[in-house]
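To start, the structure itself, in structure tokens.
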Number of protein chains: 2
Amino acid sequence: MPTPHQSRAARRRATEARILDSARELFAERGFDRTTIRAVAASAGVDPALVMQYFGSKRELFTAAVQAVPAAPPTAGPDALVDQLLATLGLKLGGLPEGTLAMLRSMLTDPAAADHARAALGRQIDGIGAALPEDADAELRAALVVSTLLGVAVGHQLLGLSPLRDAPADRIAALLRPALAALTTPTH
Amino acid sequence: MPTPHQSRAARRRATEARILDSARELFAERGFDRTTIRAVAASAGVDPALVMQYFGSKRELFTAAVQAVPAAPPTAGPDALVDQLLATLGLKLGGLPEGTLAMLRSMLTDPAAADHARAALGRQIDGIGAALPEDADAELRAALVVSTLLGVAVGHQLLGLSPLRDAPADRIAALLRPALAALTTPTH
DNA sequence: CCATTCACTCAACATCCGTTGACCGAGCGC
DNA sequence: GCGCTCGGTCAACGGATGTTGAGTGAATGG
């Protein structure tokens, strides 16, 4: 309504993007089950039926909202690995992308989100495992690294544990660094 | 019905316990929202109305099912701390108690469960923080320790990440130990 | 042996949610 | 200018869920 003059296709794309943004925000905040199509539609200033028309079903809307999770960038040196991991955590950017948060929020209660999470985390594990020095436990160590970062992300972004919420990102990174180094270094 | 001869009070206590067990199992498996009172009742071989009569509401049933989470045992030495933490993880016992799993499963999507989780994890953090050597970052390091264990618990018990699921518990503990030691040791 | 208690069931209500089909009106091409 | 396309709305259905109130039958206690 307030947009004065636009091509029909442009308006169409704009409202679709508005719906997707509202969906991402609500999915990230409340998770899949507690996010209703009606709430997404209201937040986007649109009729619920339109959401269905554009995305087919609530499931497909969720999939579309979460899809923007980028894979881990190609790992370079084994030393820069830890820095890269800390960046992945999103501590440097003040937060993970909302689509990722939506997936994390729902991963424990929605089987489809759990599959998505397992796949994404599995890819991370494989990437890190390949960058680690050759060792029988490389994959397991990579899994522990990813689990550690997952725990910090959950505690910080999703649960808001007070010591984490109030701490500056670089201090968290500084304290985490030796722990990640210990996990990535064979101990024999 | 199959129980042949019992006092009325005993039967009553038995069915209440059966309901609680079914509730814990389903809450741990599917989380708060996806667990229906009808399903709990069916699993306990009972009418849904009886669940209401005994526990008042679905919320109170959940609270009762989750309540059995024990606080951290009084921390002794600063060296045994890491061992104790690994025990808390439940790796040695093949799994955390089902009430704890129920709370963890729902903590990202149910605000009440999130409060419960924040409180329980906060208590853990305080306990560990007090056991750490005096340092300005003690509480933050304790929070990172708890987050790490939370991440491993989630990845292992709730998501079932394959490298973690297939690894023997003592190997996970062995790899985790130096990382936890790095977190609990001031680095200056 | 009888009245009462009490564990337990049955049927129903109210609400909410995902989803659908008919419908409307403004912008587009001709 | 006209008819068609299409972005968008409206009203409704069907199912599931938490919750309730009346009812039933067996164990209890006197």
Side-chain angles (χ1 to χ4, degrees), chain A residues 1-23 26-27 29-66 102 106 109-113, chain B residues 1-23 26-27 29-66 102 106 109-113:
Chain A
M1 201 88 78
T3 32
H5 210 45
Q6 259 184 135
S7 97
R8 187 145 69 166
R11 277 192 61 82
R12 147 86 202 226
R13 256 172 292 139
T15 59
E16 184 169 327
R18 227 169 49 233
I19 293 174
L20 254 178
D21 282 346
S22 298
L26 289 176
F27 280 138
E29 186 178 315
R30 313 180 195 175
F32 182 81
D33 287 329
R34 288 191 130 99
T35 298
T36 90
I37 291 221
R38 283 171 165 87
V40 171
S43 161
V46 142
D47 191 273
L50 193 66
V51 178
M52 298 299 301
Q53 194 176 344
Y54 283 177
F55 294 93
S57 72
K58 186 184 177 182
R59 261 263 98 74
E60 296 174 82
L61 173 63
F62 180 78
T63 304
V66 158
S106 305
T109 38
D110 181 70
Chain B
M1 202 89 77
T3 32
H5 210 44
Q6 258 183 133
S7 100
R8 186 143 71 166
R11 275 192 63 82
R12 146 90 203 224
R13 255 172 293 137
T15 60
E16 184 168 326
R18 226 169 49 232
I19 293 174
L20 254 178
D21 282 347
S22 298
L26 290 175
F27 280 137
E29 186 177 314
R30 314 181 194 174
F32 182 81
D33 287 329
R34 298 228 163 158
T35 297
T36 132
I37 291 219
R38 283 172 166 86
V40 171
S43 161
V46 142
D47 191 273
L50 192 66
V51 179
M52 299 299 300
Q53 190 178 123
Y54 284 178
F55 294 94
S57 71
K58 185 184 176 182
R59 256 271 91 75
E60 296 174 81
L61 173 64
F62 180 77
T63 304
V66 157
S106 306
T109 39
D110 181 71

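Model, not experiment: these values are computed from the prediction. So you know, we letter chains A, B, ... as the sequences are listed, proteins then strands, and number each from 1. These values consider heavy atoms only, across backbone and side chains, with no hydrogens, waters or symmetry-generated copies.
A salt bridge is absent between A/Arg30 and B/Asp33: the closest approach of a Lys/Arg side-chain nitrogen to an acidic carboxylate oxygen does not fall below 4.0 angstrom.
Minimum heavy-atom separation, A/Ala65 to A/Phe27: CB-CD1, 4.2 Å. Taking every heavy atom of both residues into account, B/Arg18 and B/Gly45 meet most closely at NH2-O, 4.1 Å. Contact record, A/Glu16 with A/Phe55: CG-CZ, 3.8 Å, taken as the closest heavy-atom pair.
Comparing A/Arg18 and B/Ser57 by the nucleotide of DNA chain D whose heavy atom lies nearest to each, the residue mapping closer to the 5' end is A/Arg18. Of the two residues contacting DNA chain C, namely B/Ala9 and B/Ala49, the nearest-nucleotide position lying further toward the 5' end is that of B/Ala9.
Using a 4.0 Å heavy-atom criterion, one finds that B/Tyr54 contacts the sugar-phosphate atoms exclusively.
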key: side-chain contact (heavy atoms from CB on, under 4.5 Å) evaluation trace for B/Gln53 with B/Asp47   = CA-CA 10 Å; B/Gln53 190 178 123; B/Asp47 191 273; over 6 Å; no
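Between A/Arg34 and B/Asp110 there is a side-chain heavy-atom pair separated by less than 4.5 Å.
Near-neighbour residues of DNA chain D inside residues 31-40 of chain A, defined by a heavy atom below 4.0 Å, number-ordered: A/Arg38.
Atom CG in A/Asp47 sits about 12 Å away from atom C1' in C/dT19, given to the nearest Å. At whole-Å resolution of the value, CZ in B/Arg12 and C1' in C/dT9 are 15 Å apart. Between B/Glu16 atom CD and C/dC8 atom C1' the separation is 14 Å, expressed in whole Å. Rounded to whole Å, atom P of C/dA7 lies 9 Å from atom CG of B/Leu50.
A donor-acceptor pair is defined here as one N or O able to donate and one able to accept, closer than 3.5 Å; no such pair exists between the side chain of A/Ser43 and the backbone of A/Ala39.
Think of the region where chain B sits on DNA chain D: with heavy atoms and a 4.0 Å cut, that region ends 5' and 3' at D/dT17 to D/dT28.
For the atom pair A/Leu50 CG and A/Ile19 CD1, the distance stands at 4.5 Å (nearest 0.5 Å). With rounding to the nearest 0.5 Å, the separation of CG in A/Leu26 from CZ in A/Phe32 is 13.0 Å.
Residue A/Arg8 has its side chain nearest to C/dC28 when only C/dC28, C/dT20, C/dT5 are considered.
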